[in-house]
Engineer: 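Here it is, the structure, as structure tokens.
No experiment lies behind these values; they were computed from the predicted model shown. Atoms considered below: every heavy atom in the structure, side chains included; atoms not considered: hydrogens, waters and symmetry mates. So that the names make sense, note that chain A is the first sequence line, chain B the second, and so on, each numbered from 1.
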Amino acid sequence: MLESLFLKFLPSLDPMTSAMVMLLGMPLLGFVIQIFIGKRLFRGGDWVSVGTIFVSFALSVLLFIDLLSSGPQFQWTTSWTWIDLPHFQLTMGILVDPVTILMLLVITTVSFLVFLYSIGYMHEDPRYSRYFAYLSFFSFSMIGLVLADNLFALYIFWELVGLASYLLISFWFEKPEAAEAGKKAFIVTRIGDVGMFIGILIIFFETNGLLHFDSIFSYVAKGQFGGEFLGISLLTLAGICIFLGAVGKSAQFPLHIWLPDAMEGPTPVSALIHAATMVAAGVYLVTRMFPFFTPEARTVIAYTGSFTAIFAATMALTHNDIKKVLAYSTISQLGIMMMGLGVGAYVAGFFHLVTHAAFKACLFLCAGSVIHALHTQDMREMGGIRKKMPITFTTMGVATLALSGIPFFSGFVSKDLILGESLSFAMENPSHFLIPLFGFLSTGLTAFYMFRLIFMTFYGEPRDSKKFDHAHESPWVMTLPLIILSLCSLAIFFTGSPLGLGELSLWGEKSQWVKYLLEPPSSSEHPTSAHLYALILSLTMAGCGILFAYLIYYKQTLSSEKIAEKFKCIYKTLTHLYWIDELYEWAVIHNLLRLNTLLAHFDNRVIDQVLVDGWAPITISTSTNSGDFDNRAIDQMLVDGTGKVVRASGKEVRKIQTGKIQQYLLVGLGAVCGILILLTLV
Amino acid sequence: MMFAVDLRHYLVLSAILFVLGIIGILSRKNSVGILMGIELVMNSAGINFVAFSKYVAADLSGQIFALFIFVIAASEVVIALAIILRIYQNKTTVDIEDIKDLKC
Amino acid sequence: MTYLGFIREHLLTWIVFLPVVGMAVVLFLPKEKAGLIRWTSAFFTLLSFLASLELCWAFDRSEAGLQFVEKMAWIPTFNIHYYVGCDGLSITMILLTTLLSFLCIFASWSIKEGVKGYFLMFLLLEAGMLGVFVSLDFFLFYVFWELMLLPMYFLIGIWGGPKKEYAAIKFFLYTLFGSVLMLVVMLAFYFYSEPHTFDLLELARPQILKIKDLNIFGIALTIVEFRRVLFILLFIGFAIKVPIFPFHTWLPLAHVEAPTPVSVILAGVLLKMGAYGLLRISFPILPQETYWFSYALALLGLVNIIYGAFCAMAQITLPQDRGGNDWKKLIAYSSINHMGYVLLGMAVFTTEGINGAVFQMFNHGLTTAMLFLLVGVVYDRVHHRKLDGFGGLGVQVPIYTGLVALASFASLGLPGLSSFISEALVFLGSFKVYPSITILATLGIVINAAFFLWALQKIFLGPLNAQYKNLAEVNFRELFTLVPLSVLILFFGVYPMPVLNLMKATLDRLLTLLQAA
């Protein structure tokens, strides 16, 4: 369908290439127009960005329909030489396969809806068109990231999404916190990126210059990827290095610290970048490189993921900032995805990425709608707005149910798959029992803090009446995306059956389209009885979580203060987020700055001084009086020293220079006579 | 006995002239006197050239050098006298002790 | 047509001496007519730039050897020739020099005193720099090398900042010290070659340079040792110019004190001369010694990378009275960091590495020049460069902010901008040979990002400092100097092949030579 469309309108070009270039190029076009002339356009040019992203969205949908008809075997790739040196080539290319297309669909859909939503949310902002320019730039980079057919190209777009994220987090840069958060996000993710870059270097080195995904995999499959370093195989090491990139981007422990701060950015940005797409890029990377990871590397991934899941969930428990709760929830869910991929649940992990994108974007946009209405992010100042904002309330409720993993909703389907896989993984390898344990615990915690959020925000009495009176439902450009996204959070959308278990699907196997389109690279998926246990367990956990939230925050039969009092130590740890930021501040930043100062001193003093003292000993003696060392170093450089020597000797020698020619002549004559006498004598 | 003039006599003459010239240069305070001393020194060199040309090398190069020396001496005197005249006009003295404006 | 033919035949001479012609013209202009002097200088640098574009156009990209060669006897007694030519290595540098000189003329508009002298010196400086890049005779190279010092001394010493005299004399003597070492090596090359020659191509041929054992100051040196000593002397001579740790202390000082256009030339062109000299003279003439020294070179590269980055960062953390808090100094130290990548790339003898290194030289010329120009823009308006003294300028001057952000991101190696490609090439090349050094060097990327973003945050983000409520946006003339650089940075970041094509044949041949050693 897509191909015939392009053949019809652009018959002279290769239809698929032009389609892909257009898909990628449209947001870039939007960016270029917006950044240069956006301000002068009608309505700040928002229609340019929305229009361009809509074209990309439409193309992705067409591509998806094509994919559904041609089946999971679909793959299309093209590449061209980018850097061509003797004995060295780098190529750029496009790879389109089911994973790419699903990602494209997620990215363009959420982008389009967020763009639409932003029209309402940002309409008062003085830098309105700049905002859309950055958003377009982000969409461009993100689409490029998933289209890349080799690691190097992926790395390029990987950094570009980081840039877009930096620009958007610090969009309101007049606020010092926003500026700080943007910088923190860029630098922390860059630490991960350096790891990833080292991984790329190792792969490039070991495979003699292969960076194309397929060629790396076939190289690895042939067992040619040898080498060891400190007893760890280079393959595992490279895998872990690549995973480091994902750790940074997907905010996994220990590089998770930037994501909560990133909530300083505008809320639609949080929905698009820091919930649905960019942070999921790490998961995408692991999915893409899945065959590359050795079992050891996968174990590392699984542990990182599961630990992050529980760790972030606990931090979400006590937060009162509505966006930060959602941010920690995102970290936790990304951990769940990583855990799934780590235990080998390739389909399930990616599936959760897709479902999560929809309901988490919806949650953020709902939160944005609430913030827009109440002008606060603090949940303690909210409450009781259920009646005033019915659409927001309903859609947020749906998304919350999806996130908590309740049947009939999408999160249930994908999360249950992951948990089942992790359980069966642990049943096979009992020593790794912690992985599913963390997973299940985090499910319970997720349900708890999400319902806490709902109860605190929408139920009860309004805690700030002035803000409450001001509140109103958002305009249609904001609520429409909410409705669409909440519809996408229903299980039926992904499985064709209302309950979401998939056995009673409406259109055969294709109705479970995510599962249908993704083929596990190895036969790692094993439907076992573990799934049933997992189902029961996770539902129980979620139920408990909701019950506690209900009791504490709705019925208030249990007082949250009393609980906090009772477990004061734990509560304090949680509110301080395990002191991770403080730890980094103390251990890394503090010491780094000390090293900085030290080196700067070394430069100012030792190097300059060595030169000075070593080369100008004459001037050194006069400098001892000087208390200021820098001045000493400056004034007594070798340079000045030599100058003084020359000047002093010149002063003495000058005395001979009387200017009386007769004297000179006399001396000359005397010298000649002397030489003559000497010559005659000798 | 016939008094034969040979190379030695010329050399002695030129040496006497040279020494007189040098003494003039070194001892005189009057710039014109110094100039005259310089002329003497140059002429002594000229005599040497001519003498060597006649007695040692049997060609004319020595005479030609002497000619050059005349010319140079003449032009030098012209310039030097011109300078001295100017100095006299400005300072009403030609004593070199008093002319030391360029000395630092 | 015949005129054009004449110009084509002596293209390099024209490129080098057009600024000298301009100098002669400026000499006869009355010194009150500042505008006329400026535009005349601009005209002649433009001519030189156009000539270098013509050079680029006519340049045969598949030819590894020298092109546009001109050779004339100069001092036949000592076998010294006026011998110029260009290959893939020098053409990028020539382009960079003529482009930056042309743009810097426009950045020099803010020079108000001694306009005539300034432009005379500037044109002489351009001629000297270009001469270094085209010379194929060591003696001629040396003459141009020294020729360039003189105007630089005056440019810093007369039109510089508060500590200009000190900076100028330090720069001059430091570089002169390096030149002396170079002179020693030059003479050694001359007297040990059979027949005696200064011809760099002849010297690079095996069997020409017949180094013998040497007994000097009671130290007996074998041939091998003597050659190594020569290499080290020459290396120090060039290392001062690069600059390589620990010969770098002149750089922050000179950069900070020099007026903006001179900082641009210093960072954009002069630093490249050291690396260029290594590639042009040390590497081909003493290949075995280069190989022997390569590990040390890579280590020095690493030190430059890490050390330069930390010292740049210290500009943010240290207060002013301890030598910090200066935006220009931050960029100067980041130059040390960037030249580290060049060294690392040169040290590994791989295609990626050496191409990356030379490309990095080119890119550093673009990005750092742009950064210095940008600092100059704000310095002209507010007359200070204290990082703490700004704040929130992003609201007031959005275009300026965008340009600084672009240059900073280019400098910290963001993909899509040219430096990324050269840095990535260097890393891809060096990892094969020295994996541990490369891994440590990648840390430089993080620190780079940290200090550039931090500086951006301090200057442009946060609430607007009320002092700068009336700060003017970049004007047309400034944009004229900045936009070409930004376009090039962006273009070569997306499609680097035009530059790489120019140099790859030559570098491949150099590499073959080195790998044989």
Engineer: Please determine, among Leu456(C), Asn501(C), Leu414(C), the option with the most heavy-atom pairs under 4.5 Å with chain A.
Structural biologist: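 So the answer, after comparing Leu456(C), Asn501(C), Leu414(C), is Leu414(C).
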Engineer: Classify the ring geometry of Phe427(C) against Phe197(A): parallel below 30°, tilted from 30° to 60°, perpendicular beyond 60°.
Structural biologist: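 Phe427(C) vs Phe197(A) ring planes: perpendicular.
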Engineer: Is any side-chain heavy atom of Ile156(C) less than 4.5 Å from a side-chain heavy atom of Phe172(C)?
Structural biologist: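 Ile156(C) vs Phe172(C): side chains apart.
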Engineer: Aromatic ring centroids of Phe460(C) and Phe452(C) under 6.0 Å?
Structural biologist: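 Here the rings of Phe452(C) and Phe460(C) have centres that are no less than 6.0 Å from each other.
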Engineer: Would you call Arg190(A) and Ile445(C) a side-chain contact if the rule is heavy atoms closer than 4.5 Å?
Structural biologist: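 Contact flag for Arg190(A)/Ile445(C) side chains = yes.
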Engineer: If I measure from the heavy atoms of chain C, does Leu160(A) come under 4.5 Å with its side chain, its backbone, both, or neither?
Structural biologist: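 The answer is the side chain of Leu160(A).
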Engineer: Less than 4.5 Å to any heavy atom of chain C: does that hold for the side chain of Ile202(A), its backbone, both, or neither?
Structural biologist: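 Contact with chain C is through both the backbone and side chain of Ile202(A).
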Engineer: Side chain, backbone, both or neither: which part of Glu180(A) has a heavy atom under 4.5 Å from chain C?
Structural biologist: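 Contact with chain C involves both backbone and side-chain atoms of Glu180(A).
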Engineer: Heavy-atom distances under 4.5 Å only: say whether Ile421(C) touches chain A with side chain, backbone, both or neither.
Structural biologist: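 Contact with chain A involves the side chain of Ile421(C) alone.
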Engineer: Any heavy-atom pair between the side chains of Phe431(C) and Ile439(C) that's under 4.5 Å?
Structural biologist: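 The answer is yes; the side chains approach within 4.5 Å.
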Engineer: Check each atom of Ser430(C) against the heavy atoms of chain A and say whether the ones under 4.5 Å are side chain, backbone, both or neither.
Structural biologist: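 No part of it gets close to chain A.
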Engineer: Please classify the contact between Ala424(C) and chain A as side chain, backbone, both or neither, with a heavy-atom cut-off of under 4.5 Å.
Structural biologist: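 Answer is both: backbone and side chain atoms of Ala424(C) are under 4.5 Å from chain A.
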Engineer: Are Tyr128(A) and Phe132(A), when compared by the centres of their aromatic rings, separated by less than 6.0 Å?
Structural biologist: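 Between Tyr128(A) and Phe132(A), the centre distance is under 6.0 Å.
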Engineer: Looking at Leu443(C), Leu507(C), Leu425(C), Thr442(C), which has the largest count of heavy-atom pairs under 4.5 Å with chain A?
Structural biologist: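 Option with the top pair count is Thr442(C).
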Engineer: Side chain from CB out, backbone as N, CA, C, O: work out which of these in Leu464(C) comes under 4.5 Å of a heavy atom of chain A, or both, or neither.
Structural biologist: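 Looking at Leu464(C), nothing touches chain A.
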Engineer: Under 4.5 Å from any heavy atom of chain C, what part of Phe157(A) do you find: side chain, backbone, both or neither?
Structural biologist: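 Interface part for Phe157(A): neither.
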